[in-house]
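Encoded as structure tokens, the structure appears first; notes follow it.
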Amino acid sequence: MSSPFHRLLQFQARKYLSQEGANLSPVEQLRHSTPEQIEEFIENISRSYVTAEQQNERQARALRISTDEANLLMARLQEMNRDMERTLEFIRSQLAELAKQFPQALSIANEESSEGNALIRQFRQLVDAWQSHVFEIGKARQLAEELRVEADRANQAKSDFLAAMSHEIRTPLNGVIGMSGLLLGMNLSADQREHAETIQTCGETLLSLINDILDYSKIEAGSLELEETPFPLRDAVEDSLDLFKHEVSKKELELLFYLDPGVPPAFTGDVTRFRQVLVNLVANAVKFTSAGEIVISITPNPDPDRLGRWLVQVRDTGIGIPADRIERLFQVFTQADISTSRHYGGTGLGLAISRKLVTAMGGEIWIESKVGEGSTFHFTFEMPPTDAPIPPRLVSGVPDRLRGASVVVVDDKQINLKILENSMLLWSAQPVLFSEPLKAVEWMKANPAPDLIITDQDMPDLNGSQLISQAEQIHGRRIPALILTSVSWPARPPAGTLVATKPIRERELARAISGLLDGQVTTYRNAPSPDSSPRFTHFPAKILVVEDNAVNQRLVRLMLGQFGLEAIYCANGLEAVQEYQASAPDIIFMDVRMPVMDGYEATRRIRALSGTMKVPQIIGLSANALSDEKATGLESGMNDYLTKPILRLDLFSALLKACQIACGESAVV
């Protein structure tokens, strides 16, 4: 049975065929049309063919540009090809319908005139051309598919290579950084400590370089996915600034953080990537600033023309950047000056990565700078505030003890005063602010003794220790006082005075004030220092470590030894399965890439056996920071995951958690 004409051909028939009898059907119109009208009708269809052919040529040219572009446009091209094939098939069916329904008209034209013969030839050529076009479309689609497969293979090969390089490079780095960290925890001479610190710094620098390259590769491959988890903003920033305490202390810089009261306390987003951007910018500021201060502030975004509701600023008093070189900063492997990388180090990848991450977070990043005066990096972000529960920010008792208390705050820097004022108001205290210590002394002469004094140590005219001593002389008694310093530690602080190093976390500030108000006067030094590892006095869990690298195996052995623990050691997954059957450990640290049997397969086999045996906590270990090995590990049955280089505190936390779950009782430290 014949199929009806499409409405488009009906319209064309009415437009180009006989105009007599406007109410006639297209079939009747065609029967009453002249050969010229039929020819015009077919020519109109032919023009549609030419248009489609031109589109196909443009597609072919696009395919020839490059394999990469073909791969990027593959999805779109395939859809276009499907549409084109449907169009061609439809027109071919309509041409067949035309020939079927009007054989007499074409036959008459063929018999009566030579012009009719040309018309039939044109019609047949048109049908042949469309069939040829369908064939060419099929060939183009096949070529596009081959290019897509080839590009996928190339991308997979690149990913496999980067994953292998990540593992192979980070594995020895784990030994370098881990062993130097163990050395720094020992009693060393000054020269030995300097050598160990140099080794650790070089290892961390190399690790940072590798991380930057892997991150950029991941972003360029389109495999970067941002997490959506609630996190407290202040903790995220203060955790980031903790990384720079030692360096700013050596340079005698002030590192300050101001959080505007109008900014929500918690957001839902990717805290790791947010911290990565912030750490990149602060690291640049610390690197290029030799004197003065670095101030980090977070406020609502005041510029409606900028994307993102929240604004982060990192301002420094460093060397500054010439205006004509600012745009180069965000280019890959580029710094403002070629001599910069020789003098200060760096890859030139950090800011390029930061721009990509900020864009992914719905914001923008830019810089303002003057040579010799410093720079301010700005970036905005778009994350929704959250009401999800977050850890308490204050230690017990501080808000009650400070409620209504008179607090004298003295600092010659306005930003410091603003930061401390916000904290005091948060705790319902009554702060009295002074940027000049002599004016603070005059105020105390004319007013009752305050409940608390918080003062900077290094100020003109009068330092913090002298200010507190004068306050005690004025009122004839000791006043609880806290000295904050980022430069020089007071040689002899007044009796009963606490001293803390800036930047100080809000929690640390609360803890210090709590101690002061409770009569505790032990010096509170939160500057970095070689810390002794915590030790377990009771640890009921049996530990198995599966690691094929001898250096890393020894490193874990030494770390566990510092915690007062011992373990059983295996060199591959097959040995781990056998040892599990023999000794039934409670906690297994499982490297994922090993000879004979990898960690995934070993985990699956252990899980299959644990139906009749003790169920262990399995913690994956991997040096691959590029691929999603954590998800693979969890799918295979692992409970937790640590990335190399392994940090002592991360290892300690993992042990505490695993012991509680595996044994049903907590370890004792």
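Quick caveat: nothing in here was measured; it's all calculated off a predicted structure.
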Pairwise distance NZ(K657) to CG(L655) - rounded to 0.5 angstrom: 12.0 Å
Nearest atoms (heavy-atom pairs only) where T289 meets L253: O-CD1, 3.6 Å
Point-to-point distance, once rounded to the nearest 0.5 Å, from CD1 of I587 to CG of D640: 10.5 Å
Output field: ring centroids F539/F563 closer than 6.0 Å: no
F652 side, atom CZ; D650 side, atom CG - distance, nearest 0.5 Å: 12.0 Å
Distance-minimising heavy-atom pair for C659 and A541: SG-CB, 4.1 Å
Any side-chain heavy-atom pair of P616 and I606 under 4.5 Å: yes
Which residues share a salt bridge (Lys or Arg N to Asp or Glu O under 4.0 Å) with R275, sequence neighbours left out: none
Under 3.5 Å side-chain donor-acceptor pair for Y641 and S622: yes
Flag for D548-Q553: side-chain donor and acceptor within less than 3.5 Å: no
Qualifying residue for side chain to side chain contact (heavy atoms under 4.5 Å, CB included) with F274, from L226, V237, V279: V237
Close side-chain approach of F377 and L351, heavy atoms under 4.5 Å: yes
pair E254-I415: side-chain heavy atoms closer than 4.5 Å: no
Modelled atom types, side-chain donor and acceptor of N280 and S354, under 3.5 Å: yes
Pairwise side-chain contact, P585 with I543, heavy-atom cut-off 4.5 Å (strictly under): no
Value rounded to 0.5 Å, distance of CD in E547 from CG in N552: 4.5 Å
Charged tip of R355 within 45° of W366 ring normal and under 6.0 Å: no
Residues H378, I365; criterion side-chain contact (heavy atoms from CB on, under 4.5 Å); working and verdict: CA-CA 6 Å; H378 313 255; I365 186 169; over 6 Å; no
Verdict with supporting geometry, Q276 and D270, side-chain hydrogen bond (donor to acceptor under 3.5 Å, both in side chains): CA-CA 10 Å; Q276 183 176 353; D270 195 324; over 6 Å; no
Step-by-step side-chain contact (heavy atoms from CB on, under 4.5 Å) determination, I296 to Y258: CA-CA 6 Å; I296 297 90; Y258 170 69; over 6 Å; no
Candidate pair L256 and N416, rule side-chain contact (heavy atoms from CB on, under 4.5 Å), full reasoning: CA-CA 7 Å; L256 308 171; N416 282 348; 2.7 Å; yes
Aromatic ring pairing F381/F267, orientation class (parallel under 30°, perpendicular over 60°, tilted between): perpendicular
Contacts of type ring-ring contact (aromatic ring centres under 6.0 Å, His included), residue F589, not counting sequence neighbours: none
Note, E382 side chain near M361 side chain (heavy atom, < 4.5 Å): no
Test applied, side chain to side chain contact (heavy atoms under 4.5 Å, CB included); reference residue, V314; option that passes from V277, T376, I367, L278: L278
Any side-chain heavy-atom pair of D591 and M594 under 4.5 Å: yes
T299 side-chain N/O to D260 backbone N/O, donor-acceptor pair under 3.5 Å: no
Side-chain (T317) to main-chain (E293) donor-acceptor, under 3.5 angstrom: yes
Residue pair T386, F231: steps toward the side-chain contact (heavy atoms from CB on, under 4.5 Å) verdict: CA-CA 8 Å; T386 179; F231 68 93; over 6 Å; no
Rounded distance (nearest 0.5 Å) linking atom CE of M590 with atom OH of Y580: 11.0 Å
Side-chain heavy atoms of L233 within contact of I298, under 4.5 Å: yes
Contacts of type salt bridge (Lys or Arg N to Asp or Glu O under 4.0 Å), residue K418, not counting sequence neighbours: none
Any side-chain heavy-atom pair of M638 and T603 under 4.5 Å: yes
L402 side, atom CG; S423 side, atom OG - distance, nearest 0.5 Å: 10.5 Å
